[in-house]
Participant: 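Submitted below is the structure of interest, expressed as structure tokens.
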2 protein chains.
Amino acid sequence: MAKRTPSAQELHRRAVATYVAAGGEESVQRVITAVQGLTKKLDQWYARQLTDLDVSSGEWAVVTSLAKAGEALTPSQLAELTNVAPSSMTHRLDKLAERGLVERAADPDNRTRILVSLTEAGWGLFSQAIRDSDVVESDVLQDLGDDERAELARLLEVVIARLDDIDA
Amino acid sequence: MAKRTPSAQELHRRAVATYVAAGGEESVQRVITAVQGLTKKLDQWYARQLTDLDVSSGEWAVVTSLAKAGEALTPSQLAELTNVAPSSMTHRLDKLAERGLVERAADPDNRTRILVSLTEAGWGLFSQAIRDSDVVESDVLQDLGDDERAELARLLEVVIARLDDIDA
DNA sequence: TGCTAATATTTCGATATCGAATAGTTCGTG
DNA sequence: CACGAACTATTCGATATCGAAATATTAGCA
């Protein structure tokens with residue numbers, strides 16, 4: 001390798017500069033680029049954790065979607081939530097069901113639908129992974145005080161509140 | 001569909017509650033969940049734009065990586081930067097080269113390496129897509145004033161500066 | 001120099017994903 | 001009530017991705 005791997009900070013600065021040079025607005029690009037860079041790094045970390053648990057990131061997406069929904073979901077809903085084609089969900093659910101992490105049940109109200117829910121084992125996997133990743137995430141936010149974290153969360157939540165109005 | 005699709009805000013609240021119930025720390029989960037939710041929504045939007053340009057998200061990742069690097073990169077580096085196996089990069093580069101967006105050249109200093117760079121057309125695609133997406137991104141940050149954007153960027157950049165110290 | 005280990009890309013077989021087509025069910029409306 | 005449109009999950013063929021092995025080159029070291 002000719003040069004050392006640049007720091008995340010350096011990569012961020014360069015990325016923003018590149019986007020601004022290409023015609024982006026700086027105040028926008030600083031935020032968006034930072035958000036994406038952070039997610040990317042987190043994803044890399046999660047990938048390692050999930051490898052240890054022998055779960056693919058797509059399978060993990062299904063588990064978290066079910067956990068967050070708090071109720072059974074259909075394959076179509078899961079496909080939508082996890083950004084995947086409905087036809088791909090069939091096989092994913094086959095594998096997850098085979099491992100005993102989710103279960104399929106017929107919807108009593110609509111025979112074209114199938115309701116997928118987490119099993120006990122699925123919930124166990126979820127809780128374990130969340131507790132593990134919380135450790136890393138706390139490290140990531142280590143340099144921010146309680147008030148700064150709250151302010152960061154507040155600003156992000158303002159942005160999130162706007163999301164629905166956009167692609168409508 | 002039995003129930004209406006919940007708002008992004010509502011999804012965020014539920015997700016945080018779920019993670020906290022599973023053992024995560026609230027001040028951490030509010031931030032991390034918001035960052036991930038935002039990225040997910042942005043990714044959905046980019047996917048649509050890229051479909052219009054007939055570029056897959058993986059191919060786009062290659063183009064942006066090259067643009068941000070500002071210099072030619074090897075297939076291995078691109079695989080690392082885009083979170084993909086090196087063997088997958090071979091075919092991706094084949095397709096991109098076939099479309100005239102990137103070009104491969106032998107590294108004069110090391111015959112095992114290949115240097116990939118953006119062509120004129122590749123740069124054109126990049127600039128076009130950035131200008132397009134900047135429009136959406138500006139909308140997303142619409143509810144934040146200049147000072148709030150700067151504060152949000154600052155806080156995120158503090159977090160990013162810490163990333164390298166973690167998985168080391 | 002000569003030999004081994006490390007690096008970089010590609011090939012190959014297995015698996016995952018996609019988009020289109022299929023089959024079954026429900027909904028709306030005449 | 002009947003019929004067509006819309007919805008839901010699945011199957012199927014084509015393509016993308018993965019991990020391991022193969023190939024070629026470079027780097028380190030005695």
Side-chain angles (χ1 to χ4, degrees), chain A residues 1-5 43-44 46-48 50-52 54-63 65-66 72-99 101-117, chain B residues 1-5 43-44 47-48 50-52 54-63 65-66 69 72-99 101-117:
Chain A
M1 198 92 29
K3 302 175 182 178
R4 214 184 54 72
T5 304
D43 284 347
Q44 288 176 351
Y46 297 147
R48 278 190 243 173
L50 292 176
T51 299
D52 293 345
D54 196 32
V55 177
S56 77
S57 83
E59 290 167 341
W60 174 245
V62 171
V63 171
S65 295
L66 288 171
L73 296 174
T74 67
S76 297
Q77 290 175 315
L78 286 168
E80 167 89 17
L81 288 168
T82 63
N83 286 340
V84 88
S87 60
S88 305
M89 192 51 65
T90 300
H91 183 235
R92 220 129 95 163
L93 293 175
D94 286 346
K95 280 194 63 184
L96 285 166
E98 200 175 306
R99 288 185 54 183
L101 296 173
V102 307
E103 56 193 356
R104 283 190 255 222
D107 183 338
D109 298 338
N110 185 328
R111 286 193 295 171
T112 67
R113 279 188 206 147
I114 287 182
L115 293 175
V116 181
S117 54
Chain B
M1 199 93 27
K3 301 175 184 178
R4 214 184 53 71
T5 304
D43 284 347
Q44 287 175 352
R48 277 190 245 173
L50 293 176
T51 299
D52 294 343
D54 195 33
V55 176
S56 77
S57 83
E59 290 167 341
W60 173 246
V62 171
V63 172
S65 295
L66 287 170
L73 297 174
T74 67
S76 298
Q77 290 174 316
L78 286 168
E80 168 88 17
L81 288 168
T82 62
N83 287 339
V84 89
S87 60
S88 305
M89 192 52 63
T90 299
H91 184 234
R92 279 235 278 249
L93 294 175
D94 286 346
K95 280 194 64 185
L96 285 167
E98 200 175 306
R99 289 186 52 184
L101 297 172
V102 308
E103 56 193 358
R104 282 190 255 220
D107 182 338
D109 298 338
N110 185 329
R111 287 193 296 170
T112 68
R113 279 189 207 146
I114 287 182
L115 293 175
V116 181
S117 53

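Protein chains get the first letters and strands the later ones, always in sequence-line order, with residue 1 at the start of each. Please read these numbers as outputs of a predicted model, since none were measured by experiment.
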Participant: For A:Arg111, what residues pass the side chain to side chain donor-acceptor pair (under 3.5 Å) criterion, not counting sequence neighbours?
Facilitator: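 Scan of A:Arg111 (side chain to side chain donor-acceptor pair (under 3.5 Å), adjacent residues dropped) gives none.
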
Participant: Checking B:Glu103 now: which residues fulfil side chain to side chain contact (heavy atoms under 4.5 Å, CB included) with it, not counting sequence neighbours?
Facilitator: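 Side chain to side chain contact (heavy atoms under 4.5 Å, CB included) list for B:Glu103, sorted by chain: B:Ser117, B:Thr119.
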
Participant: Could you tell me which residues satisfy side chain to side chain donor-acceptor pair (under 3.5 Å) with A:Asp43, sequence neighbours excluded, listed by chain and number?
Facilitator: none

Participant: Please write out the pairs of protein N or O atoms and N or O atoms of nucleotides 22-28 of chain D separated by less than 3.5 Å, giving the distance to one decimal.
Facilitator:
unit_1 : atom_1 : unit_2   : atom_2 : d
D:dT26 : OP1    : B:Arg111 : N      : 3.2

Participant: Round to the nearest Å and state the distance from B:Leu93 atom CG to C:dA8 atom P.
Facilitator: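 From B:Leu93 CG to C:dA8 P: 15 Å.
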
Participant: Could you tell me which residues satisfy side chain to side chain donor-acceptor pair (under 3.5 Å) with B:Asp107, sequence neighbours excluded, listed by chain and number?
Facilitator: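 In terms of side chain to side chain donor-acceptor pair (under 3.5 Å), with neighbours along the sequence ignored, B:Asp107 is linked to no residue.
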
Participant: Rounded to the nearest angstrom, tell me the gap between atom CZ in A:Arg104 and atom P in D:dT8.
Facilitator: 16 Å

Participant: Heavy atoms under 4.0 Å is the rule here; annotate nucleotides 15-21 of chain D 5' to 3' with B where the base is hit, S where only the sugar-phosphate is, and - elsewhere.
Facilitator: -SSBBB-

Participant: Of all residues at least two apart in sequence or in a different chain, which pass the side chain to side chain contact (heavy atoms under 4.5 Å, CB included) check with A:Ser65?
Facilitator: A:Leu78, A:Leu81, A:Thr82

Participant: B:Glu59 and B:Asp54: which non-hydrogen atoms are nearest, and at how many Å?
Facilitator: OE1-O, 4.4 Å

Participant: Taking only residues two or more places apart in sequence or in another chain, which ones pass salt bridge (charged side-chain N to carboxylate O under 4.0 Å, His left out) with B:Asp94?
Facilitator: B:Arg104

Participant: Kindly write out the residues that satisfy side chain to side chain donor-acceptor pair (under 3.5 Å) with A:Ser76, not counting sequence neighbours, or none if the list is empty.
Facilitator: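 If we apply the side chain to side chain donor-acceptor pair (under 3.5 Å) test to A:Ser76, skipping adjacent residues, there are no hits.
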
